[in-house]
Amino acid sequence: MSTAPNRRAVAVILLIPLMVTLALWAFAWPAARIAPRDLPVGVAGPASAAQQLQQRFDQRDGAFDVHRFDDEADARAAIEDRTVYGAVVVTPQGPHLLTASAASPVVSQLLREAVTASVPEDTPVRVTDVVAAPPGDPRGSALGASVLPLALAGMAAGAVVTLLGLRGARAAATLIGAAALVGLAATAVAHSWLGALTGDWWTVAGVLALTVLAIGSAVAGLAALFGPRGIGLGALLMVLLGNPFSGVTSAPELLPEPVGAIGQWLPPGAGGSLLRSVAFFDGSAAGAAVLTLSLWTLFGLAAVLFARRAPTPAEQVEPAREPALTG
């Protein structure tokens, strides 16, 4: 009896627990280790009082990256430019906390707790949300939930292009067209219907389309270079790692190192950060995310256009035999 079926059965038995373990590590471990790590925050006010407040932040070694500002106006500008997530302004009436729930509701709550714990119990802490999350998504849940569907849409586009045997310019045009339609449809749902995104409608649609195109192009490009197994590699990078490492549901600076940084080098994380910038901050701090998405897109499309890949099983058609000559 052939041992090949037995070997395949053993491989499946071992592979499934391995994949489940890897998925639990990728999704559960970062979520269980959320804590500030060099989180950019600001301090403003008189020099002596601001210095004391900064020292309190510095006591939590490695948790905060403190920026000093001259006054409240400078601190607000830094929040709107996405230089810091929030700032504490020292005033005669007590500390005035400036937050930006649009940047991360989790960070806003964390700063409230940190500042409240650092002052005497009877000291009031005034809080102002400088860039508030939209009323349609006050907790940022819809934005956080949008990363996985975008990753799956890009995965589907790249996989279908590969499995259908599309190549060259036709494959590139299919990826671009599918990404554009996904961007329009997703914006219609998240922006027009749910009100979870604000900002210019067409700019948001462009960001969503670029995110899907970067993911789809990368998957198709990997398949063009490595054959159908490239689809599995794309799924590992874009879904299994890219989604939980994106930091969209919290913030990259709250994830364990170097997970937060890795997530921003992958399209799901870069797309989430870019979406926040254009939807709530008029495009501030968008440059790095645009560059990341563009590089993944260029890599994928170049591989699709120029790489020679092995044919897929659907393309491996046995050539017809010539009829035998008879005497």
Side-chain angles (χ1 to χ4, degrees), residues 36-58 60 63-116 118-119 124-135 137-140 143 196-200 203-204 206-207 247-248 250-254 260-261 264 269-292:
R37 297 171 176 86
D38 289 327
L39 185 71
V41 298
V43 172
S48 58
Q51 180 64 29
Q52 293 178 1
L53 185 58
Q54 180 175 350
Q55 290 175 354
R56 294 173 187 170
F57 278 115
D58 291 339
R60 299 180 61 176
F64 298 98
D65 178 18
V66 181
H67 298 240
R68 290 286 294 271
F69 302 105
D70 292 334
D71 51 30
E72 180 177 336
D74 289 343
R76 285 176 175 266
I79 293 173
E80 293 169 352
D81 292 339
R82 301 201 72 184
T83 303
V84 295
Y85 281 92
V88 184
V89 182
V90 181
T91 68
Q93 294 77 27
H96 180 195
L97 175 61
L98 307 177
T99 64
S101 59
S104 172
V106 176
V107 171
S108 297
Q109 182 61 31
L110 184 151
L111 290 177
R112 288 172 183 249
E113 296 172 356
V115 174
T116 302
S118 65
V119 299
V125 178
R126 186 160 61 98
V127 180
T128 300
D129 200 347
V130 177
V131 185
D137 188 27
R139 296 178 179 84
L143 179 61
L197 300 174
T198 57
D200 180 72
T203 304
V204 171
V207 169
V248 176
S250 55
E253 294 84 358
L254 297 184
Q264 296 307 297
S273 295
L274 181 58
L275 187 59
R276 283 193 189 277
S277 292
V278 301
F280 309 127
F281 295 89
D282 295 327
S284 298
V290 170
L291 178 61
T292 299

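Side chains included, hydrogens not; waters and symmetry mates left out as well; all remaining heavy atoms used.
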Would you find a donor on one side and an acceptor on the other, under 3.5 Å apart, between the side chain of Arg276 and the backbone of Val248? yes
Check Ala251 against Val107 and note the closest heavy-atom contact, atom names and distance. CB-CG2, 3.8 Å
Quick check against the 3.5 Å criterion: does Asp129 have a side-chain atom that pairs as donor or acceptor with the backbone of Ser101? yes
Is there a side-chain contact between Glu253 and Ser104 in this structure, where contact means two heavy atoms from C-beta onward sitting under 4.5 Å apart? no
Give me the atom names and distance for the closest heavy-atom approach of Leu98 to Ala75. CD1-CB, 4.1 Å
First locate atom NE2 of His96, then atom OG1 of Thr128, and finally report the distance between them rounded to the nearest 0.5 Å. 2.5 Å
Do Leu111 and Phe64 come close enough that some side-chain heavy atom pair is under 4.5 Å? yes
Ile79 side, atom CD1; His67 side, atom NE2 - distance, nearest 0.5 Å: 11.5 Å
OH of Tyr85 to CG of Leu254: how many Å apart, nearest 0.5 Å? 7.0 Å
Given side chains that start at C-beta, do those of Leu274 and Val290 come closer than 4.5 Å, heavy atoms only? yes
Side-chain donor-acceptor contact under 3.5 Å, Gln93 with Arg126: no
For Leu110 against Pro36, the heavy-atom pair lying closest together: CD1-CD, 3.7 Å
What's the separation between atom CZ in Arg112 and atom OG1 in Thr99, rounded to the nearest 0.5 Å? 5.5 Å
Going from CG on Asp137 to OG1 on Thr198, what distance comes out if it is rounded to the nearest 0.5 angstrom? 10.5 Å
Taking C-beta and beyond as the side chain, do Pro95 and Leu53 meet within less than 4.5 Å on heavy atoms? no
Can you name the nearest heavy-atom pair linking Gly140 to Pro105, along with the distance? N-CG, 3.9 Å
Distance (rounded to the nearest 0.5 Å) between Asp282 CG and Arg82 CZ: 12.0 Å
Minimum-distance pair of heavy atoms, taken over all atoms of Ala270 and Ala289: O-CB, 3.4 Å
Indicate yes or no: at least one non-hydrogen side-chain atom of Gln264 is less than 4.5 angstrom from one of Thr292. no
I'd like to know whether Asp200 forms a side chain to side chain contact (heavy atoms under 4.5 Å, CB included) with Val278, so could you lay out the CA-CA distance, the side-chain angles of the two residues, the decisive distance to 0.1 Å, and finally the verdict. CA-CA 8 Å; Asp200 180 72; Val278 301; over 6 Å; no
Could you tell me which non-hydrogen atom of Ala50 sits nearest to which non-hydrogen atom of Gly45, and how far apart they are? CB-O, 4.1 Å
Within-4.5 Å side-chain heavy-atom neighbours: Phe280 and Leu197: yes
